[in-house]
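Lettering of chains follows the sequences in order, A, B, ..., and the numbering in each one begins at 1.
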Amino acid sequence: MNFWLMKSEPTTFSVDDFAKLPEQISPWEGVRNYQARNYMRAMKVGDQGFFYHSSCPAPGIMGIMQVVKAAYPDETAWDPTSPYFDPRSTRENPRWDRVDVQLVTRLQEPVLLKTLHTLASELGEFPLLQRGNRLSVLPVTEAQWKRILPMT
DNA sequence: GCCAACGTTGGC
DNA sequence: GCCAACGTTGGC
């Protein structure tokens with residue numbers, strides 16, 4: 001099993017929005033970055049992930065997710081009315097993928113970015129804490145996962 | 001709102 | 001293939 005962290009801006013899709021969905025399942029769509037896409041392609045059903053709020057007053061981990069469907073084409077790339085429309089992606093040759101994720105646990109208290117920063121030396125190399133990191137989907141090592149999980 | 005960092009684009 | 005310009009991300 002592998003572990004991930006996936007960012008969402010709460011003004012676009014918040015943990016509240018997630019919790020309201022039937023079965024708490026949502027496609028993770030709109031990713032338009034090759035490295036993030038490739039990480040999604042590497043995901044397997046049963047992989048676990050942190051649901052993270054970015055670009056907000058208190059960025060941090062808000063929930064625990066699991067992957068319930070492996071990568072498949074992101075149809076929003078084909079929809080001219082979608083903000084994620086990308087004319088370079090075609091049905092014959094899909095450029096972007098999405099996965100389906102399920103919110104397993106909504107945290108009572110978020111694990112804030114500022115808290116994670118205090119653990120930086122223990123966590124070791126962690127893209128979330130590195131300067132200039134802009135990846136919206138990034139891998140978490142098992143050791144990092146096990147260190148962070150008890151704080152949730 | 002600011003700004004550093006980074007990815008992408010496109011001319012050459 | 002290089003690289004400048006541009007757009008976006010995301011914390012503060």
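If you take CG of A:L116 and P of C:dG11, they are 11 Å apart, rounded to a whole angstrom. Remark: P of C:dT9 and CG of A:L138 are 15 Å apart, rounded to the nearest angstrom. The distance from atom OH of A:Y34 to atom C1' of C:dT8 is 15 Å, rounded to the nearest whole Å. Atoms CG (A:N133) and C1' (C:dC12) sit 15 Å apart, rounded to a whole Å. Rounded to whole angstrom, the span from the NE2 atom of A:H117 across to the P atom of C:dG10 amounts to 13 Å. For the pair A:E9 CD and C:dG10 C1', the interatomic distance rounds to 8 Å; values are reported in whole Å. For the pair A:N33 CG and B:dT8 C1', the computed distance is 10 Å after rounding to whole Å. As a whole-Å value, the separation of A:M6 CE from C:dT9 P is 16 Å.
The shortest distance between the side-chain N/O atoms of A:K7 and the OP1/OP2 oxygens of C:dT9 is not below 4.0 Å.
Counted by atom type alone, A:Y84 and A:D79 present zero donor-acceptor pairs between their side chains at under 3.5 Å. Side-chain polar atoms of A:Q102 and A:Q24 form no donor-acceptor pair below 3.5 angstrom.
DNA chain C is contacted by A:Y52, A:S54, A:S55, A:P59 of residues 49-62 of chain A, taking any non-hydrogen atom closer than 4.0 Å.
Residues passing the side-chain hydrogen bond (donor to acceptor under 3.5 Å, both in side chains) test with A:T76 are A:R32, A:D74, sequence neighbours excluded. Scored by the salt bridge (charged side-chain N to carboxylate O under 4.0 Å, His left out) test, A:R95 finds no partners at all (sequence neighbours excluded). For the salt bridge (charged side-chain N to carboxylate O under 4.0 Å, His left out) test, residues two or more places apart in sequence or in another chain that qualify with A:D97 are A:R41. By the salt bridge (charged side-chain N to carboxylate O under 4.0 Å, His left out) test, A:R88 is found to be paired with A:D86, residues two or more places apart in sequence or in another chain being considered.
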Provide a list of protein-nucleic acid N or O atom pairs under 3.5 angstrom, restricted to nucleotides 1-4 of chain B.
unit_1 : atom_1 : unit_2 : atom_2 : d
B:dA4  : O3'    : A:R131 : NH2    : 3.0

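Of the candidate nucleotides B:dT8, C:dG10, B:dT9, B:dT9 has the atom lying nearest to any side-chain atom of A:R88.
Within the structure, side chain to side chain donor-acceptor pair (under 3.5 Å) pairs that include any residue of residues 11-22 of chain A comprise A:S14-A:D17, A:D16-A:R106 (at least two apart or interchain). Pairs of residues two or more places apart, or lying in two chains, that qualify as side chain to side chain donor-acceptor pair (under 3.5 Å) and include a residue from residues 42-63 of chain A are A:W4-A:D47.
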Scan the side chains in residues 143-152 of chain A for donor-acceptor partners under 3.5 Å anywhere in the protein, sequence neighbours excluded, and list what turns up.
unit_1 : atom_1 : unit_2 : atom_2 : d
A:Q144 : OE1    : A:T141 : N      : 2.9
A:Q144 : OE1    : A:T141 : OG1    : 3.2
A:Q144 : NE2    : A:L123 : O      : 2.9
A:Q144 : NE2    : A:E125 : O      : 2.6
A:K146 : NZ     : A:E142 : OE2    : 3.1
A:R147 : NE     : A:E122 : OE1    : 2.6
A:R147 : NH2    : A:E122 : OE1    : 3.4
A:R147 : NH2    : A:E122 : OE2    : 3.4
A:T152 : OG1    : A:L149 : O      : 2.6

